[in-house]
Each structure stands twice: as C-alpha cells, then as structure tokens.
Protein chains: 2
Amino acid sequence: MAKKIPTKDQCFYVSGLLKTLAHPQRLLILCHLVEGPRSVNELTELTDASQSAVSQFLGRMKAEGLVKSERDNQFNNYEIANDQIKQIIQALDKIFNQ
Amino acid sequence: MAKKIPTKDQCFYVSGLLKTLAHPQRLLILCHLVEGPRSVNELTELTDASQSAVSQFLGRMKAEGLVKSERDNQFNNYEIANDQIKQIIQALDKIFNQ
DNA sequence: TTATGATATTATAATAATCTAATATTGAAA
DNA sequence: TTTCAATATTAGATTATTATAATATCATAA
C-alpha cells in the first residue's frame with residue numbers, strides 16, 4: 001500500500017503542536033510530566049526558569065491542549081493532557097535517548 | 001529501572017530540531033522526502049510556497065542537519081539527512097495519521 | 001484579619017522568524 | 001554567446017516569541 005502524505009491541514013495542526021514542544025524548558029517540563037503530575041512549584045524547581053515563566057509555559061501548553069491541570073487547594077497539579085502527547089515524548093526519548 | 005529525564009543539553013538540542021520541524025511547509029517537505037529524494041522544483045510544486053521560500057526552507061534544514069543535498073547538474077536533490085530525522089517523521093505519522 | 005506560600009496575569013523590551021520581492025548564480029541548450 | 005530553467009541569495013517589512021519585572025489573586029495558617 002502506498003504511503004499517505006499528510007494534508008496541509010494535518011501539517012498545520014502537527015506543526016502547531018511541535019512549535020509548542022520546541023522549547024527547551026517546555027520540553028523538559030513535558031518529560032517530567034510523563035512521569036506523573038507535578039505542581040507549578042515542583043516544575044519551577046526542576047527547570048531553571050522563573051515561577052512566572054513556568055506558569056506561562058504551562059498556561060500556553062494548557063491552552064494548546066498539551067497538558068491539563070487539577071487544583072488541589074493551593075496547588076495546581078499539571079499532567080500530560082492525552083496519549084498522543086505522551087507518545088510524542090516517548091518517541092523522542094526512544095530516538096534520542098538510546 | 002528508573003526513567004531517565006533528559007539533561008538540559010539534550011532538551012536544547014532536541015527542541016532546536018523540533019523548532020525547525022515546527023513549520024507546516026517544512027514538515028510537509030520532510031514528509032515528502034521520507035519517500036525519497038526530491039528536487040527543489042518538485043518540492044516547490046508539492047507545497048504552495050514560492051521557489052524562494054522553499055529554497056530558504058531547505059537551506060535552513062540543511063544548515064541544521066535535517067536534510068542533505070546532492071547536485072545532479074542543474075538539479076539539486078534533497079533527502080533526509082539521517083535516520084533519527086526519518087524516525088521522528090515516521091513516529092509523528094504513526095501517532096497522528098492512524 | 002494579617003501574613004504567607006502558591007500561582008497567575010500583565011506589560012514591555014529584546015530578539016527571532018516569516019514572507020515577499022528583487023536579483024544573482026549556474027549549467028545546458030539553442 | 002544568448003537564452004532559459006533551476007536554484008540560491010539578499011534585503012526588508014511584518015509579525016511572533018521570549019524573558020523579565022512587577023503586580024495580582026487566592027487559599028490557608030497564624
């Protein structure tokens with residue numbers, strides 16, 4: 001069977017996701033989130049970005065559907081939004097980390 | 001065994017690659033190149049970008065090591081530079097195209 | 001209440017990316 | 001040698017992205 005080349009719409013959609021992934025600290029945050037939910041504070045400590053920056057990263061990734069969050073009183077715990085995102089991170093890990 | 005979180009250096013490197021991938025027409029070009037080498041003209045016809053834009057896309061992707069090119073007289077045939085790049089495209093295809 | 005820790009928002013300056021138009025190069029063919 | 005097709009380069013205006021600083025919100029504890 002012949003390979004299917006993606007449509008322009010698909011390329012727009014996927015490249016939009018990649019654009020959000022394509023930032024060193026957002027990517028690092030997502031790698032951590034693959035391990036499980038983390039609070040903003042935890043993620044701030046795990047990266048070397050400021051609290052404001054991390055909150056903005058998470059806000060953008062949430063707006064674009066890469067992560068979701070659940071409030072636990074003062075804490076806001078973020079996690080990977082869906083399996084496609086998890087699969088991208090895992091695929092990148094497999095390709096570059098072995 | 002515990003999962004390995006990438007180092008900052010790895011995140012910089014991979015996010016740099018992703019940044020170059022994260023463009024609808026560059027991504028489409030790469031999807032075509034997975035099928036085999038293509039000339040600049042062919043790629044210009046397969047996308048709806050101008051010849052100048054396609055040449056610039058290819059130039060950037062070549063500079064960043066995503067593609068390589070081989071001149072065949074007047075033609076310049078581009079292809080995927082290495083297996084890691086091919087694997088990224090194929091992984092994305094698997095995740096989003098099925 | 002007041003204070004405090006956790007998080008979000010806003011504004012802004014600096015930088016980077018993008019597209020287009022114009023022009024240059026290069027090899028082959030006439 | 002002139003022409004033409006294929007490709008590359010350059011310059012510029014426009015727009016997007018980024019990091020930082022300052023401030024706001026909001027829940028809890030004192």
Side-chain angles (χ1 to χ4, degrees), chain A residues 8-9 11-30 32-33 36-81, chain B residues 8-9 11-30 32-33 36-81:
Chain A
K8 282 167 199 165
D9 281 350
C11 285
F12 263 93
Y13 174 70
V14 176
S15 67
L17 278 185
L18 293 178
K19 214 169 190 175
T20 305
L21 278 171
H23 181 285
Q25 280 153 340
R26 287 196 296 264
L27 184 59
L28 181 57
I29 287 171
L30 289 171
H32 281 290
L33 291 182
R38 297 283 185 271
S39 71
V40 181
N41 248 0
E42 287 177 302
L43 294 170
T44 301
E45 283 163 14
L46 290 171
T47 64
D48 52 2
S50 68
Q51 180 274 318
S52 173
V54 171
S55 181
Q56 288 178 70
F57 293 152
L58 291 166
R60 170 167 173 183
M61 292 197 284
K62 186 175 180 180
E64 312 220 4
L66 283 79
V67 301
K68 57 188 176 182
S69 66
E70 197 175 327
R71 215 168 232 291
D72 172 19
N73 292 327
Q74 331 125 59
F75 299 93
N76 206 1
N77 292 304
Y78 283 83
E79 59 189 303
I80 301 284
Chain B
K8 281 167 201 166
D9 282 349
C11 286
F12 263 92
Y13 174 70
V14 176
S15 67
L17 279 184
L18 293 178
K19 212 168 192 175
T20 305
L21 279 170
H23 181 285
Q25 280 153 340
R26 287 196 297 262
L27 184 58
L28 181 57
I29 287 172
L30 288 171
H32 281 290
L33 290 183
R38 298 282 185 272
S39 72
V40 180
N41 248 1
E42 288 176 301
L43 294 169
T44 301
E45 282 163 15
L46 291 170
T47 64
D48 52 1
S50 67
Q51 180 273 318
S52 172
V54 171
S55 181
Q56 287 178 68
F57 294 153
L58 291 167
R60 171 167 172 182
M61 292 198 283
K62 185 175 182 180
E64 312 219 2
L66 284 78
V67 303
K68 57 188 176 183
S69 67
E70 198 174 326
R71 216 169 230 291
D72 172 19
N73 291 328
Q74 332 124 59
F75 299 93
N76 206 0
N77 293 305
Y78 284 82
E79 59 188 304
I80 302 285

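Letters A, B, ... are given to chains in the order of the sequence lines, protein chains preceding strands, and every chain is numbered from 1.
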Checklist entry - Base, sugar-phosphate, or nothing for A/S39, non-hydrogen atoms under 4.0 angstrom? => result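 Contact class for A/S39: sugar-phosphate only.
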Whole-Å distance separating the [atom1] atom of [X] from the [atom2] atom of [N]:
X: B/I29; N: C/dT18; atom1: CD1; atom2: P; answer: 12 Å
X: B/Q51; N: C/dA22; atom1: CD; atom2: C1'; answer: 12 Å
X: A/L58; N: C/dA6; atom1: CG; atom2: P; answer: 16 Å
X: A/R60; N: C/dT9; atom1: CZ; atom2: P; answer: 16 Å
X: A/L43; N: C/dA6; atom1: CG; atom2: P; answer: 14 Å
X: B/F75; N: C/dA28; atom1: CZ; atom2: P; answer: 10 Å
X: B/Q56; N: C/dT18; atom1: CD; atom2: C1'; answer: 9 Å

Please report the interatomic distance [atom1]([X]) to [atom2]([Y]), rounded to the nearest 0.5 Å.
X: B/I29; Y: B/R26; atom1: CD1; atom2: CZ; answer: 8.5 Å
X: B/T20; Y: B/L30; atom1: OG1; atom2: CG; answer: 9.5 Å
X: A/L18; Y: B/L18; atom1: CG; atom2: CG; answer: 6.0 Å

Item to check | Closest-nucleotide 5' rank along DNA chain C - winner of B/S50 and A/V40 | outcome: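 Result of the comparison: A/V40.
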Next on the checklist: What is the first contacted nucleotide of DNA chain D and what is the last, in 5' to 3' order, if contact means an atom lying under 4.0 angstrom from a heavy atom of chain B?
Outcome noted: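 Boundary nucleotides touching chain B, in 5' to 3' order, are D/dA6 to D/dT10.
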Checklist entry - Do B/L33 and B/E79 pass the side-chain contact (heavy atoms from CB on, under 4.5 Å) test, and can you show the C-alpha distance, the side-chain angles, and the key distance before you say yes or no? => result CA-CA 6 Å; B/L33 290 183; B/E79 59 188 304; 5.5 Å; no
Next on the checklist: Which nucleotide wins on minimum distance to the side chain of B/Q25, given the candidates C/dA8, C/dT20, C/dC19?
Outcome noted: C/dC19
Next on the checklist: With nearest nucleotide decided by heavy atoms, which residue, A/Q74 or A/K19, maps closer to the 5′ end of DNA chain D?
Outcome noted: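 Comparing both residues, the 5'-ward one is A/K19.
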Can you find a side chain N or O atom of [X] that sits less than 4.0 Å from OP1 or OP2 on [N]?
X: B/R71; N: C/dG27; result: no
X: A/N41; N: C/dG5; result: no
X: B/N73; N: C/dA28; result: yes

Next on the checklist: Under a 3.5 Å threshold, yes or no: a donor from one side chain and an acceptor from the other, between B/Q25 and B/T47?
Outcome noted: no
Checklist entry - Going by atom types alone, do A/E42 and A/N77 pair a side-chain donor with an acceptor below 3.5 Å? => result no
Next on the checklist: If we ignore hydrogens and angles and just use 3.5 Å, is the side chain of B/T44 paired with the main-chain N or O of B/V40 as donor and acceptor?
Outcome noted: yes
